[in-house]
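All remarks here apply to the structure that follows.
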Protein chains: 2
Amino acid sequence: MIEPVEQITDKSLRRHFGYSLKRAYARVHTAITEELNQLGLKVISYSALSMIVENPGLKQSQLAEALMIERSNLVVIIDDLENKNLIYRAQLPSDRRAYALIPTDEGKALAVRAGDAVADAEAAVFGHFDPALIEQLRPAFDRIWSR
Amino acid sequence: MIEPVEQITDKSLRRHFGYSLKRAYARVHTAITEELNQLGLKVISYSALSMIVENPGLKQSQLAEALMIERSNLVVIIDDLENKNLIYRAQLPSDRRAYALIPTDEGKALAVRAGDAVADAEAAVFGHFDPALIEQLRPAFDRIWSR
DNA sequence: TATTGTTATACTCTATAACTATA
DNA sequence: TATAGTTATAGAGTATAACAATA
């Protein structure tokens with residue numbers, strides 16, 4: 001006889017730390033997406049803008065590699081940032097195949113505002129974490145993907 | 001004069017803990033996906049199978065809510081598990097609109113094997129973490145999405 | 001020959017609306 | 001009226017192949 005199940009448990013999945021990680025990241029991602037959306041940016045275009053402001057003159061292929069996305073998928077992201085007058089493609093005299101990506105003053109200003117908005121959103125999500133724990137975790141997590 | 005950029009940095013993005021989290025999760029996800037792929041499962045179908053084994057008889061709508069996915073997207077996942085003879089849809093006498101999801105013996109066995117494979121993959125990725133730190137992090141991360 | 005940016009395309013994931021059969 | 005499962009579909013995100021211009 002098959003009975004309805006009243007209370008659902010997920011003990012077998014909670015065994016996996018990646019499960020906690022995934023759901024935690026989903027919350028951070030949602031919070032950040034909402035903040036950036038108000039500034040007309042997506043997470044990926046914010047990342048691209050930040051990298052261009054920090055590394056003015058880098059090429060699209062360099063940016064794609066740094067962001068771990070395909071060159072082909074970066075094109076529309078750069079198009080969008082350029083259409084919003086946040087960056088522009090400049091000719092590289094040393095290599096006429098490539099573009100040097102340069103931030104505008106508007107792009108620099110928005111990168112600062114967006115960076116603070118993201119930091120605020122993260123602070124709200126991780127507010128109950130001990131700041132010392134965060135600083136302990138940062139290098140530990142970074143080691144995971146840097147090897 | 002525009003010069004090529006030699007060394008790319010990402011200091012402005014590393015400021016954000018979510019950035020570390022995202023990349024760390026990407027690595028775990030890749031490792032888990034590769035393991036599960038060898039068992040003919042995706043991450044989402046493994047999650048569904050595990051939940052059905054742990055909660056035999058639950059309805060699709062209950063499972064969709066637990067996994068935080070849409071009912072409509074669960075259909076093909078359940079179809080796949082059923083085609084592989086890992087679970088089956090049984091009629092619920094108490095509600096003829098709904099199906100009770102029941103694991104087969106094969107499904108129960110695969111859930112155990114897959115669970116161990118996922119645990120092994122995670123251990124490889126988080127191997128350099130102090131086990132005590134993991135246990136400290138688990139409830140902290142879980143609190144993020146349980147509120 | 002190889003690389004850069006680009007276009008086209010396909011595949012996955014996810015979200016929404018609408019339908020049927022039941023409640 | 002509302003709910004469970006289903007179908008169709010549209011929108012993101014992502015990966016691959018091929019091309020023109022240049023190295």
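These numbers were taken from a predicted model, which means no experiment stands behind them. The sequence lines fix the lettering, A, B, ..., with proteins before strands; numbering per chain opens at 1.
Looking only at distances, no side-chain donor or acceptor of B/Ser50 sits under 3.5 Å from a matching main-chain atom of A/Leu13. Side-chain atoms of B/Asp10 never come within 3.5 Å of backbone atoms of A/Met51 as a donor-acceptor pair (strictly under, hydrogens ignored).
Using modelled atom types and a 3.5 Å distance limit, the side chains of B/His16 and A/Tyr46 yield a donor-acceptor pair.
Looking at the side chain of A/Glu70, the nearest of the listed nucleotides C/dT7, D/dA15, D/dA4 is D/dA15.
Rounded to a whole Å, the OH atom of A/Tyr99 is 10 Å from the C1' atom of D/dA21. Protein atom CG of B/Leu101 is 13 Å distant from nucleotide atom P of D/dA4, rounded to whole Å. Here D/dA23 presents its C1' atom at 14 Å from CD of A/Gln91, a figure rounded to the nearest Å. Rounded to whole Å, the distance from CG on A/Asn37 to P on D/dA12 is 12 Å. Protein atom CG of B/Asp79 is 7 Å distant from nucleotide atom P of D/dT7, rounded to whole Å. A/Lys59 places its NZ atom 15 Å from the P atom of D/dT22, with the value rounded to the nearest Å. In this structure, the CD1 atom of A/Ile69 is 14 Å from the P atom of D/dT16, given to the nearest Å. One interatomic measurement links the two molecules: CG of B/Leu74 to C1' of D/dT7, which rounds to 14 Å at whole-angstrom precision.
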Per-nucleotide protein contact string for nucleotides 18-23 of chain C, where B marks a base within reach and S marks sugar-phosphate only (heavy atoms under 4.0 Å, - for neither): ---BBS
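Judged by distance alone, with hydrogens and angles left aside, B/Ser72 brings no side-chain donor or acceptor close enough to the base of C/dT14 to form a pair under 3.5 Å.
Classification of B/Arg14 and A/Asp142 as a salt-bridged pair holds, one side-chain N sitting under 4.0 Å from a carboxylate O. A salt bridge is absent between B/Lys11 and A/Glu54: the closest approach of a Lys/Arg side-chain nitrogen to an acidic carboxylate oxygen does not fall below 4.0 angstrom.
Heavy-atom distances to DNA chain D give each of A/Ile44 and A/Leu92 a nearest nucleotide, and the one nearer the 5′ end belongs to A/Ile44. Projected onto DNA chain D by closest heavy-atom contact, B/Ala98 and B/Asn73 fall at different nucleotides, the more 5' of which corresponds to B/Ala98.
Within the 4.0 angstrom heavy-atom criterion, only backbone atoms of the sugar-phosphate kind lie near A/Gln60; the bases stay farther away. Using a 4.0 Å heavy-atom distance criterion, B/Ser61 is classed as a sugar-phosphate-only contact.
Dashed line: the shortest gap from a side-chain N or O of A/Lys42 to OP1 or OP2 of D/dA12 is not under 4.0 Å.
Side-chain contact between B/Leu63 and B/Ile69 is absent, with no heavy-atom pair separated by less than 4.5 Å.
Aromatic ring centroids of B/Tyr25 and A/Phe17 lie 6.0 Å or more apart.
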